[in-house]
Trainee: 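Can you keep this structure in mind? I'll have questions shortly.
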Amino acid sequence: YEAGMYFAALGGNQKAKQFLNDQSIGTDNKGGFTVPTPLSNALINLLESYGVARQACRRIVMSAETWSVPKVAGHSTVYYPAEASAITASDMTFSQVQLVAKKIAALVKMSTEVVEDSIVSMMDTVVQDIAYGIAIAEDENLFNGVASAINADGIKGDADVADTNVASVAALTLANLTAATVSIGNPIVGARNEWYVNPTLYHGPIRDLVNAAGGNTIADLEGGQRPSLLGYPVNFVSVLPGSSASASGDMLAVFGDLSLGAYFGDRRALGFKMLNELYAENDQVGVIATERIDIQVVNPEVLGKITLT
């Protein structure tokens, strides 16, 4: 309600302005109001709920537009010297992963009638739609890559991510799924490896493979299955093509620990502005939301993928 009154006040609603003044939330004589906490929290919570990238990647708080994160490139070497022999020295080597903040934005226009009459209920719709759209954009950049955006290649276009190829969705086998799990070689002890697939692929072809393998009881079939595969949790990613995939290069699934494999740089959290004058000719107002982030695959050796040939 408070978030809705905030936008109503910015749209010129006198009752809403008075409400914010009474709550000591805004400064009417300066022509604007601070964004109330419930609105900011709602956006953050919705982004976390809708998006996989924010949940799974390692989050890096960026204190500048460009942020360099050290990465171990070479490890120490163990030797077996003879008695009284010199011990050979070895060096650890380091490289840097560079994150560069880029802007993501969304703009929604509404008529002043909507602002004046339906703002409280419309606010929920606007917030949910913007949060969903931005979360989808973040996932697209991480998994598929988006040209001239945050990450042009994504996991799909990263040649250093181990790739298991199949001819088609219909040709997918349990052996392909197993190959994806062993392709990364489990290089890090304690890695929290998980699957990332479209729900239509998991609930369709993959479940058919598991059921066809046998060993299921009536209770298993009637009660369904937990979202897990070969002992690893399954996360649903709507931006992956799923069971309808047919084009060469379509990525069906990703396997590994994204908290080790990818960094999510957060330079500026999602913020709102109300545009009162830009669309005044049409008696409309605009709601704009922006954030500045970067998403990079930094340790591709801990990730595997299944793609169509």
Trainee: With a 4.5 Å limit on heavy-atom distance, are the side chains of Ile104 and Ile150 in contact?
Mentor: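 Heavy-atom side-chain distance check passes, below 4.5 Å.
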Trainee: What are the two closest non-hydrogen atoms of Leu258 and Tyr196, and how far apart are they?
Mentor: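 Where Leu258 meets Tyr196 most closely, the heavy atoms are CD1-CZ, 3.5 Å.
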Trainee: Does Asn299 use its side chain to pair, donor to acceptor, with the backbone of Glu301 at less than 3.5 Å?
Mentor: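 The answer is no, because no donor-acceptor pair under 3.5 Å joins these two groups.
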Trainee: Taking the side chain as everything from C-beta on, heavy atoms only, tell me whether Ile293 gets closer than 4.5 Å to Phe264.
Mentor: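 Yes. Closest side-chain heavy atoms under 4.5 Å.
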Trainee: Between Thr307 and Asp250, is any side-chain donor less than 3.5 angstrom from a side-chain acceptor?
Mentor: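 No.
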Trainee: Crowded around Lys71 NZ? As in, over 12 foreign heavy atoms under 6.0 Å?
Mentor: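 Yes - once you tally the heavy atoms of other residues, nucleotides and ligands closer than 6.0 Å, there are more than 12.
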Trainee: From Ile60 CD1 over to Ile295 CD1, what is the distance, rounded to the nearest 0.5 angstrom?
Mentor: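 If we round to the nearest 0.5 Å, Ile60:CD1 and Ile295:CD1 are 12.5 Å apart.
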Trainee: Could you check if a side-chain atom of Leu230 sits within less than 4.5 angstrom of a side-chain atom of Thr178, using non-hydrogen atoms only?
Mentor: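 Sidechains of Thr178 and Leu230: in contact.
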Trainee: If I compare all heavy atoms of Leu303 with all of Ile155, which pair ends up nearest, and what's the gap?
Mentor: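 Smallest heavy-atom distance, with atoms named: CD1-CD1, 4.2 Å.
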Trainee: Whether the side chain of Asn176 engages the backbone of Thr173 through a donor-acceptor N/O pair (distance < 3.5 Å, no angle test) should be reported.
Mentor: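 Here the side-chain-to-backbone pair exists.
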Trainee: Would you compute the distance between atom CD of Gln98 and atom OG of Ser68 and round it to the nearest 0.5 angstrom?
Mentor: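 With rounding to 0.5 Å, CD (Gln98) is 4.5 Å from OG (Ser68).
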Trainee: At their closest point, which heavy atom of Asp139 faces which heavy atom of Ala53, and how far apart are they?
Mentor: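 Closest heavy-atom pair between Asp139 and Ala53: OD1-N, 2.8 Å.
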Trainee: Report the C-alpha distance between Val285 and Leu275 in whole Å, list the side-chain angles of each, state the deciding distance to 0.1 Å, and finish with yes or no for side chain to side chain contact (heavy atoms under 4.5 Å, CB included).
Mentor: CA-CA 6 Å; Val285 294; Leu275 307 179; over 6 Å; no
Trainee: Grouping I, L, V, M, F, W and Y whenever their side-chain heavy atoms are under 4.5 Å apart, do Phe143 and Tyr50 come out in a common cluster?
Mentor: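 Yes; Tyr50 is reachable from Phe143 via cluster members.
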Trainee: If you apply the rule side chain to side chain contact (heavy atoms under 4.5 Å, CB included), what do you find for Val166 with Ile306, and how did you get there?
Mentor: CA-CA 7 Å; Val166 296; Ile306 300 177; 4.2 Å; yes
Trainee: Strictly by side-chain hydrogen bond (donor to acceptor under 3.5 Å, both in side chains), give each pair with a member in residues 278-298 just once, sequence neighbours left out.
Mentor: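 Applying side-chain hydrogen bond (donor to acceptor under 3.5 Å, both in side chains) to every pair that reaches into residues 278-298, excluding sequence neighbours, yields Arg54-Glu291, Lys102-Asp294, Thr112-Asp283, Arg268-Thr290, Asp294-Gln296.
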Trainee: Can you tell me if Tyr132 has over 12 outside heavy atoms packed within less than 6.0 Å of its OH?
Mentor: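 No, not enclosed.
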Trainee: Would Leu209 and Phe255 show up in the same hydrophobic cluster when neighbours are defined by side-chain heavy atoms closer than 4.5 Å?
Mentor: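 Looking at the clustering, Phe255 is in the same group as Leu209.
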Trainee: For the pair Phe236 and His203, name the ring-plane relationship: parallel under 30°, tilted 30 to 60°, perpendicular over 60°.
Mentor: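 If you compare the ring of Phe236 with that of His203, the planes turn out tilted.
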Trainee: Could you give me the CA-CA distance, side-chain angles and deciding distance for Trp67 and Val61, then say whether side chain to side chain contact (heavy atoms under 4.5 Å, CB included) is met?
Mentor: CA-CA 9 Å; Trp67 193 247; Val61 178; over 6 Å; no
Trainee: Could you pull out the closest heavy-atom pair between Leu99 and Tyr263, with the gap in Å?
Mentor: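 That closest heavy-atom pairing would be CD2-CB, 4.3 Å.
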Trainee: Drop me the distance from Cys57's SG to Leu142's CG, to the nearest 0.5 angstrom.
Mentor: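 So the SG of Cys57 and the CG of Leu142 are separated by 4.5 Å.
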Trainee: Can you tell me how far apart CD (Gln55) and CD (Glu138) are? Round to the nearest 0.5 Å.
Mentor: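 The CD atom of Gln55 sits 10.5 Å away from the CD atom of Glu138.
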Trainee: Ile184 and Gly304: which non-hydrogen atoms are nearest, and at how many Å?
Mentor: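 Of all heavy-atom pairs spanning Ile184 and Gly304, the closest is CG2-N, 3.4 Å.
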Trainee: If the test is side-chain contact (heavy atoms from CB on, under 4.5 Å), which one of Ile206, Leu252, Thr200 qualifies with Val169?
Mentor: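 Exactly one pass, corresponding to Leu252.
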Trainee: Under a single-linkage definition using a 4.5 Å side-chain heavy-atom cutoff for Ile, Leu, Val, Met, Phe, Trp and Tyr, are Val298 and Met62 assigned to the same hydrophobic cluster?
Mentor: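 Yes.
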Trainee: Would you compute the distance between atom CG of Leu240 and atom CE of Met251 and round it to the nearest 0.5 angstrom?
Mentor: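 Going from the CG atom of Leu240 to the CE atom of Met251 covers 5.0 Å.
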Trainee: Count the heavy atoms of every other residue, nucleotide or ligand shown that sit under 6.0 Å from OH of Tyr80, and state whether that count exceeds 12.
Mentor: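 No, because the 6.0 Å sphere around OH of Tyr80 holds 12 heavy atoms or fewer from other groups.
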Trainee: Do Leu270 and Leu107 belong together in a cluster built from hydrophobic side chains that touch within less than 4.5 Å?
Mentor: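 Cluster IDs for Leu270 and Leu107 differ.
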Trainee: Is it possible for you to say whether Leu174 and Val197 belong to one hydrophobic cluster, with membership spreading through side-chain heavy-atom contacts below 4.5 Å?
Mentor: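 Cluster IDs for Leu174 and Val197 match.
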Trainee: Rounded to the nearest 0.5 Å, how far apart are NZ of Lys305 and CG of Asn165?
Mentor: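 That separation rounds to 9.0 Å.
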Trainee: Please find the pair of heavy atoms, one from Trp195 and one from Leu229, that lie closest to each other, and give the distance.
Mentor: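 Trp195 and Leu229 have their closest heavy atoms at NE1-O, 3.1 Å.
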Trainee: Quick one: which of Asn198, Val52, Ile136 gives a side-chain contact (heavy atoms from CB on, under 4.5 Å) with Val239?
Mentor: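 Between Val239 and the candidates, side-chain contact (heavy atoms from CB on, under 4.5 Å) is satisfied uniquely by Ile136.
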Trainee: Start with the C-alpha distance between Glu194 and Tyr232, add both sets of side-chain angles, then the distance that settles side chain to side chain contact (heavy atoms under 4.5 Å, CB included), and finish with yes or no.
Mentor: CA-CA 5 Å; Glu194 300 184 5; Tyr232 298 100; 5.6 Å; no
